[in-house]
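First the proteins, then the strands, lettered A, B, ... as listed; each starts at 1.
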Number of protein chains: 2
Amino acid sequence: MENINDILNIDSIAHTKNYKKGDILQRHGETNPNAFFVKHGLLKSYSIDNKGKEHIFMFAPEGWVTADIESQVFNRPSELFIECIEDSEVILVPGNLLFGDDLSVEQLKKNKILTMRRIAVLQRRVIMLMSASALERYNAFLEAYPNLSQRLTQKMIASYLGVTPQALSTIRGKTARNK
Amino acid sequence: MENINDILNIDSIAHTKNYKKGDILQRHGETNPNAFFVKHGLLKSYSIDNKGKEHIFMFAPEGWVTADIESQVFNRPSELFIECIEDSEVILVPGNLLFGDDLSVEQLKKNKILTMRRIAVLQRRVIMLMSASALERYNAFLEAYPNLSQRLTQKMIASYLGVTPQALSTIRGKTARNK
DNA sequence: TTTATTTATTCATCTACATTAACAATCAAT
DNA sequence: ATTGATTGTTAATGTAGATGAATAAATAAA
């Protein structure tokens, strides 16, 4: 990954904040003007459904940007919570730098890379959710993010996959036995 | 929606092609350099899983752009098929106009709108697939695309929702009786 | 128009996964 | 260290939705 200041085109030091594990950076219903670039640590963004159940939308480890894009672009209250899974060092990136109407060519080009990568990830995710079993989704997750699973509880991985922790535990038990 | 030439910044007439219902504009495994802007008609993009089952990823009616973005940006063979649901008039938009490295500010800004809208749609879709029942997803679909359902078979709607046609038929039967 | 294909409905099964619950293992906090 | 809270495992039971099949309705093709 290239230099951070270069990609985001802001003074990263001035916008950097430190958070503790469990700190919530953004809540459902809020309109937060910032996106979050993770310098160090790990964030999760998630929604809570009408039964109070948490669904993890994405993880954001070092080098990733996360934000409720729908909220920022259309200026609506956020659907998503964003929370620290580990103590984290985060650059608050003013949303208009990413989504605003008066960006420079350089900024637009850099953002293009980020957004395209995001779309690609989301496209795969939708296809997986529609066509793959829990086991297949789990294996795909391990392959796509090999270093991440060690830093997550199984509960969180299950939430990301769209299954219960019990189901994931059973799946893991089976695959462990089958080799 | 603004003027088409303005948004895409190309001579739309020169790039316009007519297709018949059932025509396939792009196949799995191909690397097609074009994105497709629908002037008139209706396209679907879909994947086929290892059991031969079709999963509709998105519909593209008039005014929408569709392409396998992952394929275009990363120059990989396409995951998706793109096919005409109705006779359609389509502008073939060279992918580098949308995803290339040498775009003008105006192009970049216009593309930003399209890609952000796409991300927002995908974000909602993922959240729905993880947290909502088939009935809830069906109702959300009808609300989000009120004019589209009349132009689609139930089989296609079911495929988009991620359920079997039988399940959707039952759901519709129930809701029809409950009022 | 007649025939063949695709779509839609309904029903009887089956299965992947959810739910509930009980217990063991970790982790966190005083 | 001790207590409480959160996690992980395992098993019994429940359920949404899949699968398969049979029939009717609608489209397309001849």
Applying salt bridge (charged side-chain N to carboxylate O under 4.0 Å, His left out) to A/E83 and not counting sequence neighbours gives none

Going by side-chain heavy atoms closer than 4.5 Å, which hydrophobic residues are tied to B/V105, directly or by a chain of links?
A/L103, A/V105, A/L108, B/L103, B/L108

Would you give a per-nucleotide map of nucleotides 24-30 of chain D, 5' to 3', where B means the base has a protein non-hydrogen atom under 4.0 Å away, S means only the sugar-phosphate does, and - means neither?
----S--

What's the closest nucleotide to the B/K155 side chain, out of C/dT7, C/dT10, C/dT9?
C/dT7

Expected string for nucleotides 15-21 of chain C under the B/S/- scheme (protein heavy atoms, under 4.0 Å, primed atoms plus P, OP1, OP2 as sugar-phosphate) is --SSBB-

To the nearest 10°, give me the bend of the helix from C/dT1-D/dA30 to C/dT30-D/dA1, comparing the axes of its five terminal pairs at either end.
60°

Does anything in residues 142-151 of chain B reach DNA chain C, meaning a heavy atom under 4.0 Å, and if so which residues?
none

Using the test side-chain hydrogen bond (donor to acceptor under 3.5 Å, both in side chains), find all partners of A/S133 that sit at least two apart in sequence or belong to another chain.
A/E136

Could I get the full list of salt bridge (charged side-chain N to carboxylate O under 4.0 Å, His left out) partners for A/D87, not counting sequence neighbours?
A/K20

What pairs with A/E89 under side-chain hydrogen bond (donor to acceptor under 3.5 Å, both in side chains), at least two apart in sequence or on another chain?
none

Name all pairs fulfilling the ring pair (Phe, Tyr, Trp, His ring centres under 6.0 Å) condition that reach into residues 135-168 of chain B, sequence neighbours left out, sorted by first residue then second.
B/F59-B/Y160, B/F141-B/Y145, B/F141-B/Y160

Close N/O contacts between protein and nucleotides 3-5 of chain C (under 3.5 Å):
none

Would you please test B/Y46 and B/F81 for ring-ring contact (aromatic ring centres under 6.0 Å, His included) and show each step?
CA-CA 5 Å; B/Y46 59 94; B/F81 294 79; 5.1 Å; yes

Check salt bridge (charged side-chain N to carboxylate O under 4.0 Å, His left out) between A/R27 and all other residues, then give those that pass, not counting sequence neighbours.
none

